[in-house]
Structures are given as structure tokens and as C-alpha cells.
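Single-structure report; data block below.
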2 protein chains.
Amino acid sequence: MAGDVLSTFRGVHDHGRCTDDALATAEALCAEKGLRLTALRRRVLELVWSRHQPVRAYDLLEDLRAERRRAAPPTVYRALDFLIANRLVHRIESLNAYVGCAGPRNPHVGQFLICRKCSAVAELNDGEIARTVARKARGLGFTVERQTIEIAGLCPQCGGTRAA
Amino acid sequence: MAGDVLSTFRGVHDHGRCTDDALATAEALCAEKGLRLTALRRRVLELVWSRHQPVRAYDLLEDLRAERRRAAPPTVYRALDFLIANRLVHRIESLNAYVGCAGPRNPHVGQFLICRKCSAVAELNDGEIARTVARKARGLGFTVERQTIEIAGLCPQCGGTRAA
DNA sequence: GCTATCATGTTATAGTATAACAACCCACGC
DNA sequence: GCGTGGGTTGTTATACTATAACATGATAGC
């Protein structure tokens, strides 16, 4: 097993459905935990999911402004902070961009395959990678708190080799 | 074996010496490859090494300006571009900062342990991690071009567990 | 020396993110 | 109901990060 692929590359799934699912899951999760998924936060989450690509903060801001004229940078950054803190969204460090978290209920670390051609992103949740990294770090006396693993290259559609 | 640790945490080595070594290696490498390690580029590389921490571009700029009044943002960014392209410097994506590459002659991928308390960074060159990541990605049909692996936490001095 | 090329200077601007304080809203206890 | 207290959002300003575009300068090979 290659591990769970929580978000697949473009074309491999029903995108409208995955957005709806993500919102429903977010609603349920926040209800369980007593978190306030306000209209603004919910809408930002929806906008993050609305493209199948990493989205930049100022693109979200532009979208938001179409329907909420008062939106300013802090509006979107604060919503993103909430969503990230509660694992509903991930930040892709190497792109300064954001993607919806594909499995907010799973314990996970944030491993991403990022296609440089079509910008599609797949989120992995591979325990073997996470454990290997953690073991090596521990062996050096380092206490791991957060793993940022971002793999750039070409997705299968854009020139990757066929999967086995 | 935990793999090579190419840059150790604060206090574990002779820092003045490692800076000198890095510069000497850079000189030699550029001479071999016909690259122009100009005074500016050499100085920026030296400034990157001069602290044992990730350095931000505008801190480098401030340092540079003390001795070269005409320095502007492109001055430092262009020098960094050259140094990164030739593997003499790494960019830490999660910090928007730069560190000297500890082993520019080794084939390597850029794996970093980053202490959130003292900001020390250790560069790993762990083949097992790199191979595991590459194998998983390949298994999904993805062609890997670049791995960004940044592990945040606490170094041994700041609260990490003792190394075995 | 000429010239092509690469390097640097210079000005301006694009892109990313946060500080600081004001206003609002809503759940809760009185 | 009525405050009141915390969390959310509005608002303005600014800090931080990076690049575009064009001018000028240095260098190497001919």
C-alpha cells in the first residue's frame, strides 16, 4: 500500500461533490467541538475548495469582495487562521497558497504532491513517510512538532509515469 | 545509521571554521564549474553563514548596506538566486529565510530540522527519507523533481530528548 | 580595442501578511 | 430585559517579501 491519497489529481473525482462533502464535514466537526464556523469562515472554506488548486489569499479576497464589499486582507487571513488551526485548510509553504484539507478527521501531517504544470495538488497521509521522518529526527534528539513535506514535480496527467 | 547530519545544532561545532570551510568549498566548486563567484555573491554567502540561523533577505540587505550603500532588494535576491541555483544556499520555505548549504558537493534534497525556540537549523541528507518519499510518489504516478522537507520542533538543547 | 554576455545599479511596483484599535454581536448570568 | 464579556469582524495603516524593467558597468574572448 502506498498510503492514503486523500485528494486526487484533477479529473480523477467528482469535484462538486468533494466540496460539498468538505463543507458538511467541517460543519459537523465544528459542531462537535463547539467551534464557530461563521458564515464568513464557511464561505472562505467554500472558496478554498472551489478551485482544484492551491488558492492564494488575495485571490480569495477578490472573490470575497464580489459579495462582501467590506472585505479586507485581515478578513481573509483571519478566516484562514481559524481554518488552519482547526485543520480544515492547509497552507502550502512553497507556494504561499492554501488548499482544503482532505481528511480533517484523520491524524495527519501534511504531505503534498504539487504538479508544477497544472498546479494540481494531492494530499497524502502516508504513515511510513511520517514515521521515517519522526524516527530520524528523534534519533538526533530533536522533538518533532510539525512536518512540512512538499513534493514538486509532474502529476500523472502532465507527464508523470504510470502508476504501478 | 540515522544518515548524515550536515549541519549540527548550535554549540556542537566550531562556527567560525565552518563558515571559512563553506567559503573555501564555494570558491573551489565555482572554479571547477566555471561559475563566477563575484565579490558580491561571495559576500552574501559569507553573510548567510555569519549567523547560525536562517537569515532573511532584508537582514542580509541591511548588512550589505553597511558596506555597500547602493545595495537594493534585487542586489541580495539576485545573489541568493545564484547561490541557490548552484546549491550553495537553501531557502527555508516555512520561514522565508535562507541558510548556507552544508554539503554543496553531495547530491541532496534539502531536509531541515528547525528549532522554534532558538531558531537553529540542522540540515539532514537522509537517503532513507528521500527514497521513501520518492517511492511513494512514484507509486502514484508522480514524477518527483524537488523535495521540500522542513521539520519544526525543539532541538536537543531546547528541550528535545537526548539522542540515543 | 570590440563586442557579446553576464553582472550590477536603479526605480518602481507587485505580492504577502500583520498591527492596532473600533465596532458589532451574541451567549450567559443576573 | 439588561448588562457584560469574549469572540468576531470592520477599518486603516503599515510591515515584510519579492520581482519587473530598464540603465549602466565589468569581463572574457576574439
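No experiment lies behind these values; they were computed from the predicted model shown. Proteins get letters first, then strands, A, B, ... in listed order; numbering begins at 1 in each.
- Rounded to the nearest 0.5 angstrom, Arg91(B) CZ and Ser94(A) OG are separated by 9.5 Å.
- Interface limits on DNA chain C: the 5'-most and 3'-most nucleotides within less than 4.0 Å of chain A heavy atoms are dT16(C) to dA20(C).
- Comment: Arg56(B) engages Asp59(B) in a salt bridge, judged by a side-chain N to carboxylate O separation of less than 4.0 angstrom.
- Rounding to whole angstrom units, CG of residue Leu60(B) and C1' of dT17(D) are separated by 13 Å.
- Remark: Glu62(A) CD is loosely packed, at most 12 non-hydrogen atoms of other residues, nucleotides or ligands lying under 6.0 Å away.
- Stacking annotation: Tyr58(B) is not stacked on the base of dC16(D) (requires ring centroids less than 5.5 angstrom apart and an interplanar angle below 30 degrees).
- In this entry the distance linking OH of Tyr98(B) with P of dC16(D) reads 15 Å, nearest Å.
- Atom NE2 of His90(B) is separated from atom CZ of Phe112(B) by 4.0 Å, given to the nearest 0.5 angstrom.
- Residues Leu40(B) and Asn96(B) both approach DNA chain C. Their nearest nucleotides, taken by heavy-atom distance, put Leu40(B) toward the 5′ side.
- Nearest approach of Pro104(A) to Arg87(A), heavy atoms of both residues: CB-O, 3.5 Å.
- If you take CZ of Arg68(A) and C1' of dT9(D), they are 8 Å apart, rounded to a whole angstrom.
- Under the 3.5 Å distance criterion, the side-chain polar atoms of Arg65(A) are matched with a main-chain donor or acceptor of Ala71(A).
- Proximity of residues 72-83 of chain B to DNA chain C (heavy atom under 4.0 angstrom from any strand atom) is restricted to Ala72(B), Pro74(B), Thr75(B), Arg78(B).
- End-to-end axis angle for the helix from dG1(C)-dC30(D) to dC30(C)-dG1(D), using five pairs per end and rounding to 10°, comes out at 20°.
- Of the charged side-chain nitrogens involved, at least one lies within less than 4.0 Å of a carboxylate oxygen, so that Arg135(B) and Glu128(A) count as a salt-bridged pair.
- As rounded to whole Å, 11 Å separates atom C1' of dA15(D) from atom CZ of Arg56(B).
- Heavy atoms of other residues, nucleotides or ligands lying less than 6.0 angstrom from CD of Glu27(B) number more than 12.
- Taking atom CZ on Arg42(A) and atom C1' on dT9(D), their separation rounds to 19 Å, with Å as the unit.
- Residue-level contact check: Arg91(A) touches the backbone only, with heavy atoms under 4.0 Å from sugar-phosphate atoms and none from bases.
- Annotation: side chain of Val121(B) is not in contact with side chain of Leu113(B) (no heavy-atom distance under 4.5 Å).
- A salt bridge does not link Arg41(A) with Asp81(A): every distance from a Lys NZ or Arg NE/NH1/NH2 to an Asp or Glu carboxylate oxygen is 4.0 Å or more.
- Toward the 5′ end of DNA chain C lies the nearest nucleotide of Arg36(B), the other residue of the pair Ala71(B) and Arg36(B) mapping further downstream.
- Checked for salt-bridge contact, Arg146(A) and Glu150(B) miss the test: no charged N lies under 4.0 Å from a carboxylate O.
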